[in-house]
Every structure is written in C-alpha cells, then in structure tokens.
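Notes for the one structure printed next.
If you're wondering where the values come from, they're calculated on a predicted model, not measured in any experiment. Atom set for the values below is all heavy atoms of this structure, side chains included, hydrogens, waters and symmetry mates excluded.
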There are 2 protein chains.
Amino acid sequence: MDSLADLLHARGSRVTPQRQLVIQQVLATRGHIVPEAIYAKVSQQFPSINRSTVYRTLQLLEEMGLIQHAHVEEGSTRYHRADDPAHLHLVCHDCNAVQEVEDLSVGEPFRQALLERFGFDCDLTHLAIAGRCQACRQRAPSGP
Amino acid sequence: MDSLADLLHARGSRVTPQRQLVIQQVLATRGHIVPEAIYAKVSQQFPSINRSTVYRTLQLLEEMGLIQHAHVEEGSTRYHRADDPAHLHLVCHDCNAVQEVEDLSVGEPFRQALLERFGFDCDLTHLAIAGRCQACRQRAPSGP
DNA sequence: TTGATTGCAAACCGTTTGCATTAGT
DNA sequence: ACTAATGCAAACGGTTTGCAATCAA
C-alpha cells in the first residue's frame, strides 16, 4: 500500500508534521469526526497548530479522495474516511439518539428504484434519516 | 380554517405586520425557502424589517407547527410549510442540480424495512439524497 | 398601561482568506 | 534557493443575543 507520504509526494504536496497528525486522526477515526475535534486532538501533540491548517488539510484530503464529508442535521461538517464502512444514521428527532445501521442492504431496493425510475445513482452510505426511534415510539406512541 | 391571527392569539402571541408578512411569504412558497430570501421579499413591502425578526418569526412558526426546516447539503437552513406535499430531493454532486420527486411511493418499501428491522419510524418527506443525476452519468459514466 | 415584539448592534459559531513567516524539497 | 505550507488576524455568512424603544393588547 502507498504510504501517506507517497500519496502526498505524488501530487507535489509536502509532508509536514501538521498534515501527518491531522490525517492520522481522521483515518484513525471510526465513523464521523468534526474539524474541532480533530483540532483538539492534534493540539495535544502539536500545540501550535492552527485551526485553519486543520481545515486546509481536510480540503486537501478530500481532493485526494481519502476522505468525504457529510452534513448530518445541525452542527458542523462531519468528515469520515472514504473507505469507512458505509452506514445509515437514523436520527431520532425526539431523543436525538443516532442509531447506526451498518447493513446497507435495507436501502438497496430503494437505491435500485431511484436508479430505474429517475436514472439517479444515489449514495446511501452515510445518509442521515430523521424519524422516531423505537424507544420514543413506545414511550409516547403519537405526539412528541 | 383558523385564521393566522386566531392561531397567534390562541397562544398569547401578538399579531404584527412583520409577522404577517413573514408568515405569508413562507406559506405562499411552494417548496423550500431560506431566511435570506424571506427577508429580501418582505423588505420590499416593509423595508424596516430586521433579519432577526425574520429568524424569530421562523422559530415561532416552527414551534406552532406551521413550518419545518431541513438541512439540504451546504448553505442555510431551508424552511417549508408543514403541510407541503412531501418530496425527495435528489441532489447531484456533479452538477448540483436538485431533482424533486413528488411520488414518495419509491421510498415506501425502504420506510417499511426500517420500521420492521429497527423499529425506526422515519420521515422520508423532504429528505435530501446525494448522488449523480442521469445527465451527469451519461456525460461521464465513471469519474466526475 | 404593560408586556410582547421590534430594530439595532454586537456577539456568536464554523469556516475561509490575505499575508508575512517558516520550513519541506 | 525556491515555493508550498503554516500561523496569525481579520473577514466571512448565517444565526442568535441583550437591550432600549415601540406598539398590540
């Protein structure tokens, strides 16, 4: 496998400790991570790092195809590895709990339908879907 | 049907021209509208209105259950009438075009599956789904 | 009259930018 | 030595806030 340094060199980008730390953080994360969290973690090892460097590195990584971002409801942009195992986020609008569904097969027929009916090739990975979770539905069957 | 004024009075809220104009704008809109657009439109009829009044009115309307908001990819929060006909947004990440799908039956099996498998009662109305539209797929079958 | 609502200005948060300095190549 | 990358500070866009003035009740 190509080392991170190789990938950077390949596109004429330089290998700096800041970059290495940011990249390491994101790639070490299972699931989503927000820029502020990356900044906080990297700051521990490299206190002089600036937030803008984190943002710039995230842009770079996305251009390189190593990571992707998603907008999950309110709050900041969430980043995840491009090869992160796909999953749906079931966001409960009552208790705000987020259930992750790793088995994307639930969505496959839906994907197929969108492709056949509208020619739209959608990406169901990392999709956030709002609704009510089981617990909340049992606690109060109708209203909030 | 209850007049807007009745609904406001019912909860002890006052009926101001600013509120009436904002509410009128949102309710007159088919589909989504962003706060800035509401501000721009209302400003024409009521130049002294302030953006914060628009934001405050939107919050009020949402509390009253008349409108809802959604986060469709980047950009500001989008508002729509609570009784807006449901639709999916197919957002193409190549050309940024948004195709609206009014027929929610495409998603019904998916909804059922989530309900049965995870007890999650999801709201597929106004959901934004990322992917590639037909035109972009034909123009360049694989990469962007 | 009086308390809810407004406009204003200032703050907020997440993010981006221009620029001089630093440091990888 | 060359120039990409950094840190800084300042700006950004979207949104929220505290406050005194206003206005619907």
Side-chain angles (χ1 to χ4, degrees), chain A residues 3-26 32-64 67-79, chain B residues 3-26 32-64 67-79:
Chain A
S3 80
L4 178 53
D6 291 343
L7 291 172
L8 287 170
H9 284 142
R11 66 195 306 282
S13 295
R14 293 177 180 175
V15 180
T16 68
Q18 292 96 324
R19 264 180 194 168
Q20 296 184 87
L21 287 168
V22 169
I23 296 175
Q24 195 178 305
Q25 266 320 317
V26 185
H32 287 182
I33 190 167
V34 296
E36 188 60 27
I38 299 168
Y39 173 70
K41 291 206 171 187
V42 175
S43 289
Q44 291 171 13
Q45 296 158 264
F46 200 103
S48 75
I49 196 171
N50 191 269
R51 256 172 269 260
S52 56
T53 300
V54 173
Y55 280 102
R56 284 190 276 234
T57 304
L58 288 172
Q59 284 173 187
L60 176 66
L61 286 179
E62 195 152 24
E63 277 171 43
M64 292 172 69
I67 64 172
Q68 291 168 0
H69 76 266
H71 302 273
V72 180
E73 298 295 301
E74 345 268 324
S76 18
T77 308
R78 305 169 85 84
Y79 290 85
Chain B
S3 80
L4 179 53
D6 290 344
L7 291 172
L8 286 169
H9 283 141
R11 67 195 305 284
S13 295
R14 292 178 181 176
V15 180
T16 68
Q18 292 96 324
R19 262 179 196 169
Q20 295 184 87
L21 288 167
V22 169
I23 296 175
Q24 195 179 306
Q25 265 322 315
V26 186
H32 288 181
I33 190 166
V34 297
E36 187 61 26
I38 300 168
Y39 173 71
K41 291 205 171 188
V42 175
S43 290
Q44 291 170 13
Q45 295 158 266
F46 200 104
S48 75
I49 196 171
N50 191 270
R51 257 172 267 258
S52 55
T53 301
V54 173
Y55 281 101
R56 285 190 275 235
T57 304
L58 288 171
Q59 284 173 188
L60 175 67
L61 286 179
E62 195 153 25
E63 277 172 42
M64 293 172 69
I67 64 173
Q68 291 168 1
H69 76 265
H71 301 274
V72 180
E73 298 296 301
E74 345 269 324
S76 15
T77 308
R78 306 169 85 84
Y79 289 86

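In this structure, B:S48 reaches the sugar-phosphate backbone alone: every heavy-atom distance under 4.0 Å involves primed, P, OP1 or OP2 atoms, never a base. Across all strands shown, A:R19 has heavy atoms under 4.0 Å from sugar-phosphate atoms exclusively, and none from any base. Using a 4.0 Å heavy-atom cutoff across all strands shown, A:V34 reaches no nucleic acid atom at all. Nucleic acid contact for B:Q18: sugar-phosphate only, since backbone atoms but no base atoms lie under 4.0 Å from a heavy atom of the residue. At the heavy-atom level, B:F46 lies under 4.0 Å from the strands shown only through sugar-phosphate atoms. A:S13 comes within 4.0 angstrom of sugar-phosphate atoms only, judged by non-hydrogen atoms across all strands, and of no base.
If you measure from atom NE2 of B:H69 to atom P of D:dT15, you get 10 Å, rounded to the nearest angstrom. Nucleotide C:dC13 holds its C1' atom 10 Å from the CD atom of A:E36, rounded to whole Å. Here the P atom of nucleotide C:dA9 and the CZ atom of B:R56 are 14 Å apart, to the nearest Å. Per the geometry, CD belonging to A:Q59 stands 13 Å off P belonging to D:dA5, to the nearest Å. To the nearest angstrom, P of C:dT21 lies 17 Å from CG of A:N50. Between A:Q20 atom CD and D:dA5 atom P the separation is 13 Å, expressed in whole Å. In this structure, B:L58 places its CG atom 12 Å from P of C:dT6, rounding to the nearest Å. The CZ-P distance, from B:R14 to D:dA21, rounds to 18 Å in whole Å.
The two residues A:R14 and A:R19 make their nearest non-hydrogen contact at O-NH1, 2.8 Å. Closest approach of B:V54 and B:I49 over heavy atoms only: CG2-CD1, 4.2 Å.
The phosphate of C:dT16 has neither OP1 nor OP2 within less than 4.0 Å of any side-chain N or O from A:Y55. Between D:dA24 and B:T16, no contact under 4.0 Å exists linking OP1 or OP2 to a side-chain N or O. The phosphate of C:dG7 has neither OP1 nor OP2 within less than 4.0 Å of any side-chain N or O from B:S52.
Nearest nucleotide to the side chain of A:T77, out of C:dG7, C:dT15, C:dT6: C:dT15. For B:P35, the side-chain atoms get nearest to D:dT15 when compared with the rest of C:dG14, C:dT5, D:dT15.
Atom CZ of B:R11 sits about 10.0 Å away from atom CG of B:L7, to the nearest 0.5 Å. The line from OH of A:Y79 to CD1 of A:I67 is 6.0 Å long, rounded to the nearest 0.5 Å. With rounding to the nearest 0.5 Å, the separation of CG in B:L61 from CZ in B:R56 is 14.0 Å.
Taking for each of B:V15 and A:L60 the nucleotide of DNA chain D with the nearest heavy atom, the 5'-most of the two is the partner of A:L60.
One cannot find a donor-acceptor pair under 3.5 Å joining the base of D:dT15 and the side-chain atoms of B:R51.
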Which donor-acceptor pairs under 3.5 Å do side chains of residues 32-47 of chain A form with protein atoms, sequence neighbours excluded?
{"from": "A:H32", "atom 1": "ND1", "to": "A:R78", "atom 2": "NE", "distance (Å)": "3.4"}
{"from": "A:E36", "atom 1": "OE1", "to": "A:R51", "atom 2": "NH1", "distance (Å)": "2.8"}
{"from": "A:E36", "atom 1": "OE2", "to": "A:R51", "atom 2": "NH1", "distance (Å)": "2.7"}
{"from": "A:S43", "atom 1": "OG", "to": "A:Y39", "atom 2": "O", "distance (Å)": "2.7"}

